[in-house]
Structure formats: structure tokens, C-alpha cells
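Working notes, structure below.
The sequence lines fix the lettering, A, B, ..., with proteins before strands; numbering per chain opens at 1.
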Number of protein chains: 2
Amino acid sequence: METAERWGCFELSFPGKRDGNPFTDYTIHGKFMGEHETVSADGFYDGDGIYKIRFMPSCTGTYRYEIGGTFGTPRSGTVEVTEASEGNHGPVRVADTYYFSYADGTPFYPLGTTCYVWELQTDERISRTLESLKKARFNKIRFCILPKHYDYNLGEPRSYPFEGTPMDSSVLTKENFHLYTGKTEGNRFDFSRPNPAHFRHIEHCILELQKLGIEADLIVMHPYDRWGFSSMPREADELYWRYVIARFSAYRNVWWAAANEYDIMPDKTEEDWEFYGQLMVRYDPYHHLRSIHNCFAFYDHTRPWITHCSIQRQDLYRTAEYTDAWREQYRKPVVLDEIAYEGNIQHGWGNITGEEMVRRFWEGALRGGYPGHGETFLHPQDILWWSHGGELHGESWKRVGFLLDVLKDVPGNGLRPAEKCPADWDCVHAVPAQADTAAEGCYHLYYYSFMRPSFREFSLPEGHEWKVETIDTWNMEITEAGVFRGKCRADLGGRQFMAVRITRLR
Amino acid sequence: METAERWGCFELSFPGKRDGNPFTDYTIHGKFMGEHETVSADGFYDGDGIYKIRFMPSCTGTYRYEIGGTFGTPRSGTVEVTEASEGNHGPVRVADTYYFSYADGTPFYPLGTTCYVWELQTDERISRTLESLKKARFNKIRFCILPKHYDYNLGEPRSYPFEGTPMDSSVLTKENFHLYTGKTEGNRFDFSRPNPAHFRHIEHCILELQKLGIEADLIVMHPYDRWGFSSMPREADELYWRYVIARFSAYRNVWWAAANEYDIMPDKTEEDWEFYGQLMVRYDPYHHLRSIHNCFAFYDHTRPWITHCSIQRQDLYRTAEYTDAWREQYRKPVVLDEIAYEGNIQHGWGNITGEEMVRRFWEGALRGGYPGHGETFLHPQDILWWSHGGELHGESWKRVGFLLDVLKDVPGNGLRPAEKCPADWDCVHAVPAQADTAAEGCYHLYYYSFMRPSFREFSLPEGHEWKVETIDTWNMEITEAGVFRGKCRADLGGRQFMAVRITRLR
């Protein structure tokens with residue numbers, strides 16, 4: 001009997017027809033029937049006459065499966081699904097409106113980074129990226145399935161998503177590259193024939209991330225294109241989307257990002273985005289998280305197919321500070337996937353300091369959102385973390401794990417901004433998402449951002465004893481100020497980026 | 001023959017009636033008639049049987065004056081007004097909607113500070129304050145006519161504005177002082193009898209400022225009160241206001257700030273503020289600049305008696321960044337009198353860094369406004385610049401003169417934000433208020449704020465040669481990048497707080 005693991009990827013592989021265009025001429029689909037669920041999933045052609053179908057069981061026990069379609073001989077069988085192994089918590093879901101948890105109920109606090117095409121680099125650089133991710137304790141990474149053409153991104157990717165040949169990129173320079181953006185001339189790609197090797201490699205990378213406990217936030221479409229992939233006809237788009245969904249859905253750590261900067265893709269309309277949204281809803285049987293990321297105007301994040309807001313900040317000054325407003329507006333989790341990147345390039349979205357990045361992390365996290373990181377430092381070989389991965393050069397990544405630990409210590413599954421109170425006008429005051437039964441709450445986190453109070457005074461709710469700690473978010477030091485009743489004073493040293501944590505003892 | 005100086009303070013002094021209450025029982029007013037203007041002004045009782053009347057001539061030549069009223073014997077005479085002496089440019093006026101210039105046409109760029117009651121300190125501290133102001137090159141200072149009761153401000157002032165005795169202040173502590181705010185108990189002041197010594201001393205301070213070329217932005221009313229001065233009846237308010245106007249109007253460096261934080265004075269209504277506004281309009285014959293400063297909501301700065309916006313920022317994050325929006329909204333000069341203070345006290349309005357203060361200065365100035373400074377560092381004797389003056393302890397004051405020099409170098413009388421342009425989304429782009437005859441302008445100033453580009457590229461308008469300079473606003477270094485035609489690149493070192501100045505040569 002075949003075996004699989006709960007929330008593991010169970011894969012079946014069959015030889016089938018190879019004449020004509022197997023990507024479009026033949027189908028393969030499966031039905032996986034367990035005691036508690038029946039899952040219908042599409043398979044895909046993996047080249048060389050091989051068809052595959054994948055399945056991610058959400059339950060343990062015996063599943064019977066039936067594989068059909070025009071690809072070849074129908075099959076059936078059973079698979080015994082065992083308990084999830086250690087570290088496998090299942091896919092991430094929205095929990096309690098604004099929060100995330102794994103399918104097994106473990107709270108998840110996405111603190112991610114962006115490396116748009118880290119997986120299309122050399123094996124060596126990919127290994128370095130994985131090491132860097134681990135060191136920084138990022139638990140989500142946003143990246144593109146399609147290759148990227150942009151400033152600092154003029155090289156060829158390691159593979160293309162379709163059969164064919166690209167334009168001659170030797171003509172590109174830093175000065176003229178933008179003239180080729182969105183152009184299709186010189187490319188000869190057959191959009192009806194995906195390149196299995198390209199996707200197989202991405203799957204390898206998704207699995208490597210999975211081993212590290214990192215969610216793969218897959219950007220399915222984007223505008224940074226010189227090959228025509230951003231302006232394919234509807235039929236080709238549908239083939240691509242369904243191929244992507246069929247291949248990747250059964251990996252538990254996959255999230256779908258319909259687009260990066262959907263609003264600067266001149267060939268796509270809202271109707272297109274709604275269409276892609278429906279493809280995800282219809283063909284991903286596991287309903288992985290779904291988002292769509294803006295350049296300027298937000299997409300209407302209230303649309304039912306969108307599970308959470310994937311935000312690019314719209315203002316140069318107030319960024320993560322709007323998190324609570326966005327929560328109110330959309331009533332979904334707020335993931336701040338781009339609040340500018342730490343670095344020193346010429347573009348204003350890529351040259352904030354490490355201090356400012358970390359400040360935005362804390363502002364966003366304490367307002368009940370999930371900040372995202374990125375790095376854009378000039379590099380002699382134009383290897384910028386934001387696109388290529390590799391080494392981390394900044395300062396903010398070193399402080400991500402510290403914030404993660406503070407978040408994990410919050411009772412319940414996350415933070416929310418406290419009810420507005422006049423005393424809090426000059427700080428961010430966060431409380432646990434799930435209020436304690438005692439009306440006054442049992443946990444308070446205050447953050448002072450770029451301000452630098454020498455001290456702060458608190459009136460602690462009567463009738464309890466409270467532990468008061470100061471947190472230096474930059475130097476990653478937690479200092480116990482003492483245990484108090486009634487009034488207390490916390491010394492903060494007149495430094496920036498300080499927080500105070502107040503926990504009820506009894 | 002008597003002589004006076006254009007925009008000088010010509011004072012006449014007469015003995016008169018001293019029975020009853022000379023402040024309310026008798027009047028003195030004068031008419032000063034020159035070739036180009038006739039000025040009617042009230043005089044005032046200065047105590048000890050002496051009545052005074054002051055006059056600030058706006059023109060040269062012979063003026064005849066007639067002094068009347070019930071104070072005593074009417075007088076008349078002539079005064080010969082000579083040209084203004086060096087450094088005397090006259091009072092500051094609004095020029096060209098958003099800007100200021102002295103009466104002689106010299107542009108004025110207010111870069112001020114706030115020391116609420118510096119003038120009510122000891123002589124020694126007053127001297128130190130004047131030295132500090134000079135060293136920092138501030139050209140405006142906001143301060144109160146009435147004494148101040150607030151955190152870090154619990155001591156007695158050197159004098160009171162009315163005859164009488166104050167409450168016993170030995171009961172005050174840091175913990176209880178707010179319970180006394182706005183209270184009147186324990187005070188015995190006669191609001192019908194101003195204390196001439198109090199006002200005489202303030203005049204001395206106004207003149208000391210005048211010698212240094214510093215405008216005295218006089219805050220006539222404020223809420224930080226334990227003596228009852230913030231809740232006097234209408235009659236007493238009117239006496240106070242008219243006394244203030246009669247005494248101070250003839251000093252060319254006076255500005256009127258109707259209130260600090262008008263909106264937290266529970267005893268005063270909009271009708272009151274409009275009434276005070278009309279008193280200034282009616283009784284100040286020189287129409288010195290008039291403003292009213294908020295705590296939370298702005299006063300309606302479109303009211304005709306208000307000459308310019310005196311802004312306290314409403315947001316913790318975006319402050320000076322709103323300057324262009326406020327210009328649009330009110331169509332008056334925007335003076336950012338409180339955009340938080342450099343310091344380390346517990347309050348969020350008083351603990352930003354020097355870097356952030358200077359950043360707000362540049363943001364505000366390049367958007368066509370006038371930023372203001374303040375300092376609130378903890379001090380062993382609670383001597384904080386923001387209230388007491390004395391020594392400056394921060395870093396931002398050292399950079400004020402540098403900005404002033406940059407502003408003075410702008411062609412015309414000030415900067416305005418350039419028309420919005422997509423390339424400018426991540427910087428502040430300022431151009432001269434008066435555009436050059438050539439459509440493309442002749443001067444551009446770009447500011448990168450907290451961002452730290454390693455370089456920026458510019459497409460210079462064709463047909464001209466341009467000088468490109470980088471400005472390190474923190475280190476106060478201006479470096480010539482070169483003279484260019486067409487495209488150019490300015491190296492900015494990946495540092496924060498950089499600017500680029502581009503000037504047309506030919």
C-alpha cells in the first residue's frame with residue numbers, strides 16, 4: 001500500500017500520450033476520497049511522456065483515488081495517510097478575521113522577505129539564499145514564477161517557463177532597458193508548451209523552503225517582462241495558471257500572489273484579475289491563501305477570492321502606520337509585503353535605513369499586521385537580495401527573529417491595536433487579539449517608534465500585580481523594570497525604538 | 001524738533017491723572033499725520049501718573065501729531081522721521097500669498113524657535129537665551145505675555161501682568177500640578193489694573209530681540225494657567241488686549257499670536273477668538289502679522305483677520321510633509337510653529353531626535369513653509385529651552401543657519417513645491433516662488449529626507465548649462481558635482497538627509 005503524510009505532497013506518475021501537444025490535447029484529473037473529505041485535483045504533463053498528479057491530504061486514514069482523463073489508462077488505488085511529521089503544521093489559513101494559523105491550529109506570524117527571482121539564479125546562489133533565510137528566521141518569501149526584467153535585473157534566468165527562445169539581451173543597458181519592458185519582439189516562445197524543467201526546479205525550491213518552515217508566496221504574474229509573458233492572450237494565461245495550480249497546489253507552504261503590481265500591467269484589466277481569481281478558487285482544491293499586490297492603487301481587497309491584503313505602501317512617510325486603518329477597511333489580515341526596502345539604491349522604494357525598516361516592522365506588527373522585509377544595496381555584480389537573494393548585507397534582517405519571538409510570546413494568536421485612548425496618542429499600544437476574561441486585559445505592549453522618551457509612567461489596573469519590561473527593539477534587549485501595583489515608571493534611556501511590555505502576574 | 005526713525009518706535013510721555021483707576025478711567029490717543037499716512041493709535045497708562053503713546057512711522061518726512069483723551073492736557077507737535085538705520089527693514093508682511101518680506105521689500109524666511117516664558121526668567125538666563133538665539137541664528141521666537149503653569153513649569157514668574165498676589169505654589173508637585181490648571185482659587189489679582197513693570201520688562205526683551213534681528217511672536221493668551229488669566233471675563237480680556245496692543249504695536253518686530261492651543265481653553269469660544277481678532281484689526285494701526293495656534297483642530301485659518309497659518313502638527317508621523325497641502329487649503333503662509341521638539345522628555349511632542357527635527361525643517365521649507373524649532377531635554381533643574389530658554393543642548397539648532405543661507409540663495413522671495421511630476425515621487429522638489437521667464441525654471445532643489453540614495457540621475461532641460469551641487473543638510477556641506485548639459489548623475493553617498501541643488505548657468 002502507498003503511504004503519505006497528512007499535509008504532505010502525495011504524487012502519482014504515469015506514462016501517457018506524447019503525440020500532438022500533450023499540454024493542451026490531453027487531460028488528467030483525480031479524485032481522492034477519504035473518510036472526511038473528497039478532493040478533486042487536476043494533474044499535469046511533466047514532459048517526456050509522463051503525466052503526474054499530486055494530492056495533499058488534510059486528514060489521516062485511508063484514501064481511495066481514481067485517476068481519469070484522456071492522457072492514457074485510468075487508474076485507481078489507495079493511499080494510507082499517516083499523521084503529520086514533526087514541523088509539518090499544514091497550510092496556513094486565515095484565523096479569526098485578521099490572523100493566520102497553520103491547519104493544525106498553531107498560530108503563524110508571517111515575517112517575510114522579498115527575493116523576486118532568487119530561484120532562477122545559479123544553484124550556488126540559491127543555496128546561499130536558503131542559508132540567509134534560515135539565519136534571518138524569515139518564515140515567508142515572495143517570489144515570481146516568471147523571470148524578471150528590470151533595473152539591476154537584465155540577465156537571463158536559468159530557465160524559461162515556456163518552450164522557445166528569448167530576445168537577444170545583449171542589447172540591454174541600464175539606460176535603455178525600460179524601452180524593452182512589456183515588448184514582445186525578438187522572442188519566440190510557444191505559450192501552449194510550458195517548460196516542465198522550469199516548474200520542476202521551482203518545486204525543488206518550494207520544498208527546500210518547506211524544509212526550513214518557510215512559506216512560498218508565489219507571484220504568478222508581474223509586469224517586469226521583456227518576453228511577452230505579461231501580455232499573453234487569455235487562452236495562454238488560462239493554460240499557464242492551470243498548469244501552475246496543478247503543479248504547486250499540493251505543496252502545503254504555497255501561497256498565491258496573483259500579481260506583483262497588478263496595476264502597472266497595461267494588458268490586463270480588472271476582468272482579467274477576477275478571472276485569475278476564479279481560476280485559483282476553482283482549481284486549487286486546498287484554497288491556499290490568495291492575494292494581489294498593488295503598485296499604486298490597492299485592488300479591492302474586499303473581493304471574496306482575496307484572503308488577505310498584500311500591501312505595497314502608498315505613502316512615502318506613513319507606511320506601516322496605516323495598518324490599523326487597513327484592517328478596519330478590509331477586515332482581513334494585513335500583510336505589508338512592501339513598505340520600502342533597506343538599501344542605498346537610487347529609487348526611493350529601495351533606500352531606507354535598517355533602523356527605519358525595523359521601525360516599520362514594529363509599527364506594523366503592533367497594529368496587528370505582518371511586515372515584510374527587502375534589501376536593495378548596490379553591489380559590484382548587481383546582486384541585490386530583493387531580486388537575486390544571496391547574502392544579506394543590511395541590519396534589519398538581524399532583528400526579525402527577535403520580533404518573531406516577542407510575537408510568539410503574546411497570549412493567543414496575535415496582537416491588535418488597543419482601543420484608542422488619549423494617553424496612547426504618542427505611542428502604539430497593542431493588546432492580544434483575544435481579550436482575557438478580565439476586562440482590563442493581561443498583556444500590553446507599547447511602542448515608541450522614532451521618539452525617545454527618557455521614561456514613561458503607567459497607571460496599572462488595580463487589583464493585580466504586573467511585570468513591567470522595557471524592550472530595546474534595535475539592540476534586542478529585554479530588561480525587567482520590576483513588578484508593580486498601581487503606578488509605575490519605566491526608564492527608557494532617551495533612546496529611539498523602545499517598547500514597554502506589561503504582563504499581569506496575578 | 002523731535003526726531004524718529006522710519007519703523008522705529010517714537011514714544012511720547014506725559015504726566016496725567018492718577019486718581020481712581022487710570023487704566024480704566026482715563027484715555028489717551030494720538031493722531032500722527034505725515035505726507036503719506038495718518039496713523040491713529042491708543043496710548044496707555046504706565047503707572048506713577050505717567051501716560052505714554054507710541055508711534056511707528058512707515059514713511060520718512062515730517063509728521064504732525066495731536067494727542068488727546070481724558071488723561072490730561074492735550075498736546076501736539078511734530079516729529080521728523082529719518083530713513084531707517086542699518087538693519088531696520090521694518091515690520092514683516094505677507095508677500096505674494098505664501099511668503100514674507102520686511103516692509104522695505106527684503107525677503108524674510110522665518111526660522112524660529114519656541115521659549116514660552118524665556119522673558120519671565122532671571123536676567124542672567126534672559127542674557128543666555130539671547131546669546132543662544134544669536135548663536136543659532138533664529139530670526140523669530142514665540143513666547144507668552146502671561147506666565148506659564150505646566151509640567152516642568154511650576155515656579156513663579158519674575159512678575160505678574162496684573163496687580164495682586166498669586167496662589168501659594170508650594171503645594172504644587174509634578175503629580176498634582178494638572179489639578180490646578182485653569183483653577184482660580186487662592187489668587188487675588190485685580191484684572192482692571194495691569195502691572196506696568198511686567199509689560200515694561202517684556203518691551204525690554206522685545207527690543208533686545210529687535211537688536212538681534214529677531215521677530216517677537218507674542219502669544220497673547222494660553223491655557224497653561226493657575227492664576228485665572230485664561231478665564232477672565234470679557235471686560236477684563238478687552239482691557240488686557242487693548243493694553244497689550246497699545247504698548248507693543250509700535251515695535252516693528254512684533255507678531256501677534258492670539259493664542260497657543262486656543263482649543264484647550266475651556267472658557268473661550270470661537271466668538272471670543274473672533275472678538276480678539278477684531279481687537280487686533282481695530283487697535284493695531286500697523287497690522288502686524290496675526291495668527292492663532294491649535295492643539296488639536298486647526299482654527300479656520302481662512303478667516304480674514306488671520307495673516308498666516310501657525311501650525312501645530314496633528315499627526316505623529318506626517319508633519320512638515322503636509323505643508324504643501326496646508327498652503328493649498330488656506331492660501332496663506334504656513335509657519336510650522338510646532339512640529340514636535342528635539343529632546344528626551346516623556347511626552348511624544350518633546351522627544352524627537354535632532355536628525356528628525358532637521359529633517360522636518362527641510363521638508364517644511366522645501367514645500368514652501370517655515371519650520372519652527374523647540375528643545376525639551378531633561379535637565380537637573382528643569383530648565384528646558386522650550387519654556388525657559390537658557391542654553392541649547394540639542395543638535396538641530398546648529399543647522400538652522402545653514403538652511404537659512406540656502407533659502408537666502410534662492411532667487412526671489414521663497415521656495416514652492418514644483419508641479420507634481422512622476423520622477424519626483426520619492427523626493428521633495430522645490431523651485432523658486434517666482435518662476436524665471438524661461439519656462440523650465442533656473443533653480444531646482446531636491447531633498448531626499450530619510451532616504452539614502454547612493455546617486456540620482458537628472459535629465460537637465462536642453463539648451464542650457466547647469467551647475468549641480470549636492471548638499472549634506474546634516475553635516476552642512478555643499479559639494480559641487482560639476483557643470484552639465486543634458487543628463488547628469490549626482491553622487492549622494494548613500495547617506496540620509498541629502499539634497500541636490502541645480503542652478504542654470506547660461
Heavy-atom pairs under 4.5 Å with chain B: which of A:Glu363, A:Arg318, A:Glu457 has the most? A:Arg318
Largest heavy-atom contact set with chain A, pairs under 4.5 Å, which of B:Trp425, B:Tyr448, B:Trp349: B:Trp425
A:Glu480 atom CD, over 12 foreign heavy atoms within 6.0 Å: yes
Whether B:Asn344 side chain and A:Gly494 backbone form a donor-acceptor pair below 3.5 Å: no
Mind checking whether B:Met451 and A:Gln346 have side chains closer than 4.5 Å, heavy atoms only? no
CD1-CD distance between B:Ile352 and A:Gln496, expressed to the nearest 0.5 angstrom: 9.5 Å
Worked check of side chain to side chain contact (heavy atoms under 4.5 Å, CB included) between B:Tyr317 and A:Tyr322: CA-CA 11 Å; B:Tyr317 301 91; A:Tyr322 283 122; over 6 Å; no
Per-residue tally against chain B (heavy atom, under 4.5 Å) across A:Cys427, A:Gly493, A:Gly350, A:Gly343 peaks at A:Gly343
Measure the CG-CZ distance between A:Asn351 and B:Phe455 for me, rounded to the nearest 0.5 Å. 10.5 Å
Residue pair A:Arg452 / B:Glu342: nearest heavy atoms and the distance that separates them: NH2-CG, 3.6 Å
Turns out that what part of B:Arg359 lies under 4.5 Å from chain A's heavy atoms comes down to side chain
For chain A, which candidate among B:Leu492, B:Thr353, B:Leu378, B:Ile345 shows the most heavy-atom pairs at distances under 4.5 Å? B:Thr353
By a 4.5 Å heavy-atom criterion (distance strictly below it), what part of A:Phe377 contacts chain B: side chain, backbone, both, or neither? side chain
Audit row: A:Leu316, B:Glu321, side chain to side chain contact (heavy atoms under 4.5 Å, CB included) steps and yes/no: CA-CA 10 Å; A:Leu316 206 54; B:Glu321 294 77 20; over 6 Å; no
